[in-house]
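This report refers to the structure that appears directly beneath it.
Below, chain A is the first sequence line, B the second, and so on; all start at residue 1.
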Protein chains: 2
Amino acid sequence: MSASIKDVALHAGVSVGTVSNVMNHPSRVSNDTVAKVQRAISALGFVRNDAARQLRAGESKTIAMMVFDAANPFFTDIARGAEDAAAKDGFSVILANTSESSTRELGYLDLFEEQRVRGILISPYGEVEDRLQALKKFGIPSVLVDRVSNSQVFSSVSVDDVAGGHIAASHLLSLGRRTLGFVGGPLEIPQVGDRLVGAQQAASEYQECSLRVFETTATTVLEGRRIGEAIAAMEPKERPNGLFAANDLVALGLLQALVAANHLNVPRDIALVGYDDIDFATSAIVPLTSIRQPSQLIGETALEILAEEALDPTQPPQKVVFQPELVIRASA
Amino acid sequence: MSASIKDVALHAGVSVGTVSNVMNHPSRVSNDTVAKVQRAISALGFVRNDAARQLRAGESKTIAMMVFDAANPFFTDIARGAEDAAAKDGFSVILANTSESSTRELGYLDLFEEQRVRGILISPYGEVEDRLQALKKFGIPSVLVDRVSNSQVFSSVSVDDVAGGHIAASHLLSLGRRTLGFVGGPLEIPQVGDRLVGAQQAASEYQECSLRVFETTATTVLEGRRIGEAIAAMEPKERPNGLFAANDLVALGLLQALVAANHLNVPRDIALVGYDDIDFATSAIVPLTSIRQPSQLIGETALEILAEEALDPTQPPQKVVFQPELVIRASA
DNA sequence: CGCTCGTGTTGAAACGATTCAATTTCGATG
DNA sequence: CATCGAAATTGAATCGTTTCAACACGAGCG
């Protein structure tokens, strides 16, 4: 169907070895021959078959990135950072969206293992460290993104979520709010769990202060709206006066519901803090106070570490932790 | 480094052909042998080498999807639809973000050609139809997403952007606004250009009505904010009283700037209509009136058409055009 | 003139799977 | 018990590239 290196060799009147050298080690070939071969290549519309190349060469130039919610701008920002860094090192990044499904996550890991990608950047959803260990033994390194390694075996680039949770709750407390609510879930997701722990720590530093947990099934706008409606319907005395959402999507959902129930004012009746500081936080109904993470930088750093490990598999794991930062706007 | 099919055959005491059959045509193999081979596979941790498989089999099960702005929720919604549909047909979707760069777009096309992906779902940024034609001749079909084919050669799944622009502008006009502004760009992007054309058509149906174009360099929140600041700073008599943004990102940027300049009220002084109806439109400072496109459905449909063409390359191109829909909220 | 060296070039082996014609096995049948 | 056919299994050929030992050819040197 399509031209192979053999056809090119024939057309140019040289051997297949020479054609291969033109593409991979041009310095070994005389200028005349290079020109001749290149003419043949474009005449035939030859395109290297990556499968054959990889089979023989044993390594690919593709890096896979897996996130569990590609619709969250926070992750697309990270991906953007990784792509830019990869372009510098000559790698290509392909993205897989695991859509908060462990099954799909494992499915993609299988796919990438079969494809022998050069490395994996992953923001894990399910319990995958065992699987990643197997991949590592197999020769495919991974770097965890936005999450630390339980096993200490993997490099990771993350943000101190406990600190972030602490900052968020402290801010609400410093505004005089004493009946707090945490909205997010599932709590098993470390990012969510850690932020809650940080918030609880902050709460324990104050007397007569409560922190109630509203667990969601996912960190989405929709789930935020659901909880927001429930909170709007609560008795005033039961209702928290300060809310901390596990991420901005949830916060925006809450905001929608609270504003729609027009007997409530944000921040007067309920102060609200989000997390991630996505672009849309600025333009929310009530511009959102949020915890900013350096998303692009996370992506770049993760890719650089992965590239190092791909080149030298004996590298010890690195652990980079960035500090989050409070961005104050109107909502709290 | 890792076990091959030969090792498995040795360990199980059968031939390589049998191992291959266990994986691809289990019905041809006796139950005992299947069990024996599977035991060997897991004992050795064997993983099929996709490069070798693809080289011999000549076809892959991977479909590539390329979008020029993965940070736009509209595109992630489309991707989501495509992924769900692909899972049904046994394909995997990998995503590439061309980041509004023609260079990167062509680079990914090269990569996917070398990888011999089974097909390409693309929302093109630059002029790529010639390149896609070459790919098609090469055996890789593509389906255009959110854009029709100039050459009529490719299937496409899109939304009638001229109609959408018409609906948006008509809505503003029906509210009595007569000095309109269109914000978006570059105008060469068909989605943007068509929406403008539709708006101009609507404007031409009214007397004494003006439509001014504010061109942006990209359809982002940032660019929207930039134009919004400029508009806020205009003399009241020059200022448009109805704005139509090429997409919701731009609209949200505009909104931010207009609200920040607190002498202006949306919609009283300026009515605003966006496009795409992304999730965040509902939770904007002023909930956004927008033009809804059936994003997930677009993704599903595109993937199904692509799958058909991948199986039968002689299929004539199909052209599916969905109709957009006005969603009225507070901003206009 | 014979020898060495360096530069280009060659062609066959190897990568790891799939495929398919050929062969073996085995149960059923006359 | 011999024979037939279906079912199971084998193993060599194949895909398109890269790699590498071997070779060809001059140029330079003693």
Gln115(B) atom CD is separated from dC15(D) atom P, nearest whole Å, by 22 Å
Chain B vs DNA chain C, heavy-atom contacts under 4.0 Å, first-to-last nucleotide span, 5' to 3', is dG16(C) to dT19(C)
When rounded to whole Å, the NZ to P distance for the pair Lys36(B) and dT9(D) reads 7 Å
| said: Considering every strand and a 4.0 Å limit on heavy-atom distances, what is the contact class for Val19(B): base, sugar-phosphate, or nothing? | reply: nothing
Only one of Leu303(A), Leu95(A), Leu306(A), Val117(A) passes side-chain contact (heavy atoms from CB on, under 4.5 Å) with Met65(A), and that residue is Leu95(A)
Requested in this report: Evaluate the ring planes of Phe68(A) and Tyr125(A), with Trp represented by its six-membered ring, and classify them as parallel (under 30°), tilted (30 to 60°) or perpendicular (over 60°).
Outcome: tilted
*asked:* Between Arg48(A) and Asp110(B), does any side-chain N to carboxylate O distance fall below 4.0 Å?
replied: no
Between Gly13(B) and Arg116(B), whichever has its closest DNA chain D nucleotide further toward 5' is Gly13(B)
The side-chain contact (heavy atoms from CB on, under 4.5 Å) partner of Phe46(B) among Asp7(B), Val37(B), Val8(B) is Val8(B)
In whole angstroms, the gap separating C1' of dT10(D) from CG of Leu10(B) amounts to 15 Å
Numerically ordered, the residues 48-55 of chain B set in heavy-atom contact under 4.0 Å with DNA chain C is Arg48(B), Asn49(B), Ala52(B), Arg53(B), Leu55(B)
Please lay out, stage by stage, how Glu309(B) and Ser155(B) fare under the test side chain to side chain donor-acceptor pair (under 3.5 Å).
CA-CA 9 Å; Glu309(B) 296 191 359; Ser155(B) 292; 2.5 Å; yes
Is there a donor and acceptor pair, one atom on the side chain of Arg56(A) and one on the base of dT18(D), closer than 3.5 Å? yes
Give the C-alpha distance, both sets of side-chain angles, the deciding distance and a yes or no for salt bridge (charged side-chain N to carboxylate O under 4.0 Å, His left out) between Asp69(A) and Arg80(B).
CA-CA 10 Å; Asp69(A) 183 10; Arg80(B) 182 65 185 274; 5.9 Å; no
Distance alone, cut at 3.5 Å: any donor-acceptor contact between the side chains of Ser15(B) and Thr18(B)? yes
Would you please confirm or rule out a distance under 4.0 Å between OP1 or OP2 of dT19(D) and any side-chain N or O of Ser20(A)?
-> no
Would you say His25(A) places a side-chain N or O within less than 4.0 Å of OP1 or OP2 belonging to dT19(D)? yes
In whole angstroms, the gap separating P of dG16(D) from CD1 of Ile41(A) amounts to 16 Å
Worksheet item: With a 4.0 Å cut-off, would you call Arg147(B) and Glu129(B) a salt bridge?
Response: no
Salt bridge between Arg104(B) and Asp84(A), side-chain N to carboxylate O under 4.0 Å? yes
Report task. Indicate, with a heavy-atom threshold strictly under 4.0 Å, whether Ser4(B) touches base, sugar-phosphate, or nothing. Result -> sugar-phosphate
Heavy-atom nearest nucleotide on DNA chain C taken for Arg28(B) and for Val47(B); more 5' hit belongs to Val47(B)
Rounded to whole Å, NZ of Lys6(B) lies from C1' of dG11(D) at a distance of 11 Å
**Study point:** CG/Asn31(A): more than 12 non-hydrogen atoms of other groups inside 6.0 Å
**Key:** no
Margin query: Over all strands shown, is Ser30(B) touching base, sugar-phosphate only, or nothing at heavy-atom distances under 4.0 angstrom?
Written below: sugar-phosphate
Q) Between dT10(D) and Thr18(B), is there an OP1 or OP2 to side-chain N/O distance shorter than 4.0 Å? A) yes
Separation of dT10(D) atom P from Ile5(B) atom CD1, nearest Å, is 12 Å
